[in-house]
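This report concerns only the one structure given below.
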Amino acid sequence: MRASKFHLLTTREVPADAEIASHQLMLRAGMIRKLTAGIYTWTPLGWRVLRKVENIVREEMDRAGYLELLMPAVQPAELWRETGRWEDFGGQLLKIRDRAGRDYVFGPTHEEVITDLARNELRSYKQLPITFYQIQTKFRDEIRPRFGVMRAREFLMKDAYSFHIDSASLETTYWEMYEVYSRIFTRAGLSFRAVRADSGAIGGNASHEFHVLADSGEDQIAFSTGSDFAANLELAEAPMPSTPRPAATEQLRLVDTPAAHTIEELVTQFDVPVEKTIKTLIVAAAPGNDSPFVALLVRGDHSLNEFKAVKLGCVARPLRFATEDEIRAAIGAGPGSLGPVNLPVPCVADHSVCIMADFAGGANVENKHYFGINWDRDAALPACADLRNVIEGDDSPDGKGKISLARGIEVGHIFQLGTKYSKALNAVVLGEDGKSHVMPMGCYGIGVSRIVAAAIEQNHDDQGICWPEPLAPFQVAVLPMNARKSHRVREVAEKLYADLLAAGVEVFLDDRDIRPGVMFNDMELIGIPHRVVIGERGIDSGELEYRYRTDAENTTIPLATAAETIIGRLAPR
RNA sequence: CGGGGCGUAGCGCAGCCUGGUAGCGCACCACAAUGGGGUUGUGGGGGUCGGGAGUUCGAAUCUCCCCGCCCCGACCA
């Protein structure tokens, strides 16, 4: 490609609303342009990258024997009513109506459509297992789209669905898909981790998320430094305390604490170790409980894990914190003075709280705290459960190594669905036993457009994007210096360009009549991995300058064998 | 959805308080110089000031309504 025939849209300035590196760089490099909130045009440059990702995904899915198809983006409401998701899916579901007044959705996902296909087309266990996939534009009406294509409303997704005669077959395909996903992200040159994830209300089956590691990631993941344990923070179990509760050594003391309404204030004003304080959180109880509220206790330096709290059963789903008025009415003291002693509300404590002794907490009297609290003596030991988020340095739940926390960008999710959709839509086949079987299903997604942004988050510097070679829009940039005045430079550049093209290399020849500095900056911004500079000086000495995008310095390659030398340095495809 | 903020040239912004000829930088076009890290000079093109209504002799500026966009959003006791 010649720069003069391409459409480069690089800019020096960044639109004010771009917050993270990938969003800024995609705009500055001219890969995307916003049409409206959460909806983007992919420019020729951005599209080349998106297609690279798409092709890697497609090749690996095909290699695994999965069958590509293409389903409609617009789907009849009727199907969604059959599975109940017309109501249940929530505000992210974009509903549309045609001229006859019939309702449709713009597909945010395709379980309904694929299951409808399966119930019409699959008859026998002999046709199973089978896995279909598509790469297609989805629409989810996000409450708050942000970060460019990272959390867009319209986005490109690969979604796959597998059908099985039994759950053992589903499990086999699931783990196969796990390996396929790992290959895809490895091929794309990304640093990633598969983590155990929430399998949701659908059932206790396995689910894994694939996260690209990046500090700007929206998800927190916990992993072990000593094993391959990795889980979404909301799911990571805190280790059971291994030490017994120490004996009480202090007397219970009621202290005036008018200026201490947070753990931090308590710790600094009264010189008490934060591990000897507890937080008392009042949340709404599940319907049918004796009390309208439940108190949850976690250590002062820990935070409540809402996901675990809701799993208790006695807590309302979704989790709702009591308002200050509700707390005063139920307990007689406001937030900031709450604690387990004389607490008129049922109570559940985190495991780490249950082994505390001589600790501090609110007195349930305004502006007072108790110090030297001990279970049994001062308050009944409450029910104990895992309620907190794991923290850096916790023992790994599998007993091997310590927990470390990192941020990740979710780019893939694999899921053993079970029969939720096949049952609702009556997708059955005859088994070997001559009986009808509801097919267990798996579903497997990859955020294709999000991978582009995630790759940039992971691979950029002050100058711009540093593409992993398999994703780069072009592999090689050929930059002639002052070509207008030097026919030798022009000739060498044109020859190298032609040779590389002939060898099937994606090469970008910057034949614009611009200053070298502008050229260098543009090429670094858009992140082309290999760069060759052609100038009079080099031609005289029989050498060309070469630089890999992440190299600090130029090196030289012989002019006579330039094309072969560069080709030898390209990453294998 | 609730709270806050912003809409002025393709992008980034000033002007608004205190009403009176719509500006700056980048980008774009032309010419010239320059020619290895966003060079320089001269000249130019480009605006329903988000939309509508109102107040006024006069509205980007004041008032009201609408639209769009951005940010934040339990609690961390």
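Order of the sequence lines fixes the chain letters, A, B, ..., with proteins taken first and strands second; residue numbering starts at 1 for each chain.
Within a 6.0 Å radius of CD in A/Q251, no more than 12 heavy atoms belonging to other residues, nucleotides or ligands are found. Annotation: A/E250, atom CD; neighbour count of heavy atoms from other residues, nucleotides and ligands within 6.0 Å is above 12.
The CD-C1' distance, from A/E545 to B/rG37, rounds to 12 Å in whole Å. Note: CD1 (A/I143) to C1' (B/rC71) measures 15 Å, nearest angstrom. Atom CD of A/E13 and atom C1' of B/rC13 are 9 Å apart (whole Å).
Residue A/R144 has a polar side-chain atom (N or O) positioned under 4.0 Å from OP1 or OP2 of B/rC72. Contact annotation: A/K34 side-chain N/O to B/rC69 OP1/OP2 distance is not under 4.0 Å. Between A/R28 and B/rC11, a side-chain N or O to OP1/OP2 separation shorter than 4.0 Å is absent. When the side-chain nitrogen and oxygen atoms of A/R12 are compared with OP1 and OP2 of B/rA27, one or more of them lie within a distance under 4.0 Å. Contact check, A/T36 against B/rG68: no side-chain N or O comes under 4.0 Å of OP1 or OP2.
A donor-acceptor pair shorter than 3.5 Å can be found between the side chains of A/E209 and A/N232.
Contact annotation for A/G535: base contact, defined as any heavy-atom pair under 4.0 Å involving a base atom. Within 4.0 Å (heavy atoms only), A/L304 reaches no atom of the nucleic acid at all. Residue contacts for A/R547: at a heavy-atom cut-off of 4.0 Å it reaches a base atom on one of the strands shown. Residue A/E524 is in base contact, counting any heavy-atom pair closer than 4.0 Å across all strands shown. A/D513 comes within 4.0 angstrom of a base, heavy atoms only. Among the heavy atoms of the strands lying under 4.0 Å from A/I282 is at least one base atom, whether or not backbone atoms are also near. Using a 4.0 Å heavy-atom distance criterion, A/R537 is classed as a base contact. A/T280 comes within 4.0 angstrom of a nucleotide base, judged by non-hydrogen atoms across all strands. If you check every strand for non-hydrogen atoms under 4.0 Å, A/V298 touches nothing. Residue A/L27 is out of contact with every strand shown, counting any heavy-atom pair closer than 4.0 Å. Across all strands shown, A/P516 has heavy atoms under 4.0 Å from sugar-phosphate atoms exclusively, and none from any base.
Under 3.5 Å, the side chain of A/R531 and the base of B/rG37 form at least one donor-acceptor pair of N or O atoms. No N or O donor and acceptor, one from the side chain of A/D17 and one from the base of B/rG12, sit under 3.5 Å apart.
Between the C1' atoms of B/rA60 and B/rG7, the separation comes to 11 Å (whole Å). Here, B/rG3 and B/rG12 have their C1' atoms 28 Å apart, quoted to the whole Å. Spacing of P atoms, B/rG10 relative to B/rG51, comes out at 13 Å, to the nearest Å. Rounded to whole Å, the P atom of B/rC71 lies 47 Å from the corresponding atom of B/rA32. Between B/rG15 and B/rG25, the two C1' atoms lie 15 Å apart (nearest whole Å). On the C1' atoms, B/rC62 is 22 Å away from B/rG47, given to the nearest whole Å. Using atom C1' as the reference point in both B/rC49 and B/rU61, the two lie 10 Å apart (nearest Å). Using P as the reference atom, B/rC1 and B/rG44 are 49 Å apart when rounded to the nearest Å.
The residue among A/V283 and A/T11 whose nearest nucleotide of RNA chain B lies closer to the 5′ end is A/T11. Both A/A322 and A/F147 lie near RNA chain B, and the one whose nearest nucleotide falls closer to the 5' end is A/F147.
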Using distance only, find each side-chain donor-acceptor pair of residues 270-279 of chain A under 3.5 Å and give its atom names and separation, not counting sequence neighbours.
{"from": "A/K276", "atom 1": "NZ", "to": "A/A357", "atom 2": "O", "distance (Å)": "3.3"}
{"from": "A/T277", "atom 1": "OG1", "to": "A/V274", "atom 2": "O", "distance (Å)": "2.7"}
{"from": "A/K279", "atom 1": "NZ", "to": "A/H302", "atom 2": "O", "distance (Å)": "2.8"}

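No option in A/R388, A/R196, A/K311, A/K308 other than A/R196 meets the salt bridge (charged side-chain N to carboxylate O under 4.0 Å, His left out) test with A/E237. Tested against A/E469, the residues A/H530, A/R569, A/R549 include a single side chain to side chain donor-acceptor pair (under 3.5 Å) partner, A/H530.
Across all strands shown, B/rA77 remains unpaired; no Watson-Crick or G-U wobble contact has both distances below 3.5 Å. Base pairing annotation: B/rG43 forms a Watson-Crick or G-U wobble pair with B/rC29, both donor-acceptor distances under 3.5 Å. The partner of B/rC6, taking Watson-Crick or G-U wobble pairs whose two distances both stay under 3.5 Å, is B/rG68.
For A/L281, whose side chain is taken as the heavy atoms from C-beta onward, the closest listed nucleotide among B/rA77, B/rG38, B/rU39 is B/rA77.
Under the 6.0 Å cut-off for aromatic ring centres, A/F474 and A/W467 do not qualify, their centroids lying 6.0 Å or more apart.
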